[in-house]
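Inspection log for the structure reproduced underneath, given as structure tokens.
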Amino acid sequence: MKLNNRGWGLGMFLAFIFIFFLAIIMIIVVSRQYEFGLVENTNNEVNPNEKVKYVNYEKSVKDASAIYAAKKYSDMSDGETFYVSINNLNVSSAIKNNCDGYSKITKSEGVISHSAYIRCGSYITSGYNSSIVE
């Protein structure tokens, strides 16, 4: 009996690489379908009319957080960051009932900035972190 000591041939190597990449593609497709979190969820599935509504919700949350910050955090120090749930903001009941979210209030170089992050159905603001929401 004669042994082949040359290892894999080029054909076997290419077949292995093909199967490997096919498996990776299948994992990505399945994870996207079942939303395991391996692939970031995009807002492409949202109806354009609803997206406009949710962008307006974001603006309302941001505006309400500016008012809230002026009342509660007027003496913030540079570099401080606070997160405020939409439940603590003066926003419409439609936003509170249909969305989860928060506002990020940061003071840097004497300027207070506000960012709104919401999740309404399949719409999710870029940068939204569900662990921050109460």
Side-chain angles (χ1 to χ4, degrees):
M1 178 158 96
K2 187 174 182 181
L3 294 174
N4 180 357
N5 292 329
R6 296 181 302 170
W8 285 4
L10 180 62
M12 182 63 76
F13 177 71
L14 292 176
F16 174 77
I17 295 296
F18 175 75
I19 292 170
F20 180 75
F21 282 114
L22 187 64
I24 288 175
I25 290 171
M26 289 176 61
I27 289 170
I28 290 171
V29 168
V30 169
S31 69
R32 186 167 181 82
Q33 181 178 1
Y34 292 105
E35 295 184 20
F36 289 141
L38 297 177
V39 178
E40 185 177 327
N41 185 17
T42 61
N43 293 326
N44 294 338
E45 309 88 36
V46 177
N47 178 333
N49 293 333
E50 286 183 350
K51 188 170 183 173
V52 169
K53 176 175 74 173
Y54 296 142
V55 168
N56 287 333
Y57 282 0
E58 279 182 51
K59 185 179 179 328
S60 295
V61 170
K62 185 175 180 179
D63 293 343
S65 72
I67 294 168
Y68 186 85
K71 290 179 183 176
K72 301 283 185 175
Y73 299 118
S74 59
D75 58 346
M76 285 178 68
S77 301
D78 272 354
E80 282 189 300
T81 300
F82 294 99
Y83 296 94
V84 181
S85 170
I86 61 172
N87 296 324
N88 296 330
L89 298 174
N90 187 17
V91 293
S92 71
S93 60
I95 296 173
K96 289 181 180 180
N97 293 337
N98 297 322
C99 304
D100 292 324
Y102 58 93
S103 178
K104 179 180 175 182
I105 303 169
T106 305
K107 185 173 186 179
S108 177
E109 298 179 8
V111 177
I112 297 177
S113 62
H114 315 282
S115 303
Y117 301 94
I118 61 171
R119 180 183 66 200
C120 304
S122 60
Y123 178 83
I124 301 174
T125 302
S126 178
Y128 176 85
N129 185 347
S130 61
S131 64
I132 294 175
V133 177
E134 297 177 322

Looking at [X] and [Y], what are the two nearest heavy atoms and their distance?
| X | Y | value |
| --- | --- | --- |
| Val91 | Ala64 | CG1-CB, 3.6 Å |
| Tyr68 | Asn88 | CE1-O, 3.6 Å |
| Ala116 | Thr125 | O-CG2, 3.6 Å |
| Lys96 | Asn87 | NZ-O, 3.6 Å |
| Asp78 | Ser108 | OD1-C, 4.0 Å |

When hydrophobic residues are tied together by side-chain contacts of less than 4.5 Å, even through go-betweens, does [X] share a cluster with [Y]?
| X | Y | answer |
| --- | --- | --- |
| Ile19 | Ile27 | no |
| Met26 | Phe18 | yes |
| Phe13 | Phe21 | yes |
| Ile17 | Met12 | yes |

Would Ile118 and Asp100 count as a side chain to side chain contact (heavy atoms under 4.5 Å, CB included) if you check the C-alpha gap in whole Å, the side-chain angles of each, and the deciding distance to 0.1 Å? CA-CA 6 Å; Ile118 61 171; Asp100 292 324; over 6 Å; no
Side chains of Leu89 and Val84: does their closest heavy-atom pair fall under 4.5 Å?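 Of all side-chain heavy-atom pairs linking Val84 with Leu89, at least one is under 4.5 Å.
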Do Ile86 and Ser103 touch side chain to side chain, with heavy atoms closer than 4.5 Å? no
Verify the neighbour count for atom NZ of Lys62: are there more than 12 heavy atoms of other residues, nucleotides or ligands below 6.0 Å?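 For Lys62, atom NZ is not crowded (no more than 12 foreign heavy atoms under 6.0 Å).
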Can you confirm whether more than 12 heavy atoms, excluding those of Asn56, are under 6.0 Å from its CG atom?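 Yes, CG of Asn56 has more than 12 neighbouring heavy atoms, counting only those of other groups under 6.0 Å.
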Taken in chain and number order and not counting sequence neighbours, the residues that satisfy salt bridge (Lys or Arg N to Asp or Glu O under 4.0 Å) with Lys59 are Asp63
Can Tyr57 and Cys120 be said to form a side chain to side chain contact (heavy atoms under 4.5 Å, CB included), step by step? CA-CA 9 Å; Tyr57 282 0; Cys120 304; 4.1 Å; yes
Examine Tyr128 together with Tyr117 and report whether their ring centres are nearer than 6.0 Å. no
Straight-line distance of [X] [atom1] to [Y] [atom2], nearest 0.5 Å:
| X | Y | atom1 | atom2 | answer |
| --- | --- | --- | --- | --- |
| Asn90 | Ser65 | CG | OG | 12.0 Å |
| Arg119 | Cys99 | CZ | SG | 9.5 Å |
| Asn98 | Tyr54 | CG | OH | 6.5 Å |

I'd like to know whether Thr106 forms a side-chain hydrogen bond (donor to acceptor under 3.5 Å, both in side chains) with Glu80, so could you lay out the CA-CA distance, the side-chain angles of the two residues, the decisive distance to 0.1 Å, and finally the verdict. CA-CA 6 Å; Thr106 305; Glu80 282 189 300; over 6 Å; no
Does the pair Tyr123 and Glu58 meet the rule for a side chain to side chain contact (heavy atoms under 4.5 Å, CB included), with working shown? CA-CA 11 Å; Tyr123 178 83; Glu58 279 182 51; 2.2 Å; yes
Quick one, Val61 with Tyr102, criterion side chain to side chain contact (heavy atoms under 4.5 Å, CB included). Give me CA distance, side-chain angles, the key distance, then yes/no. CA-CA 8 Å; Val61 170; Tyr102 58 93; over 6 Å; no
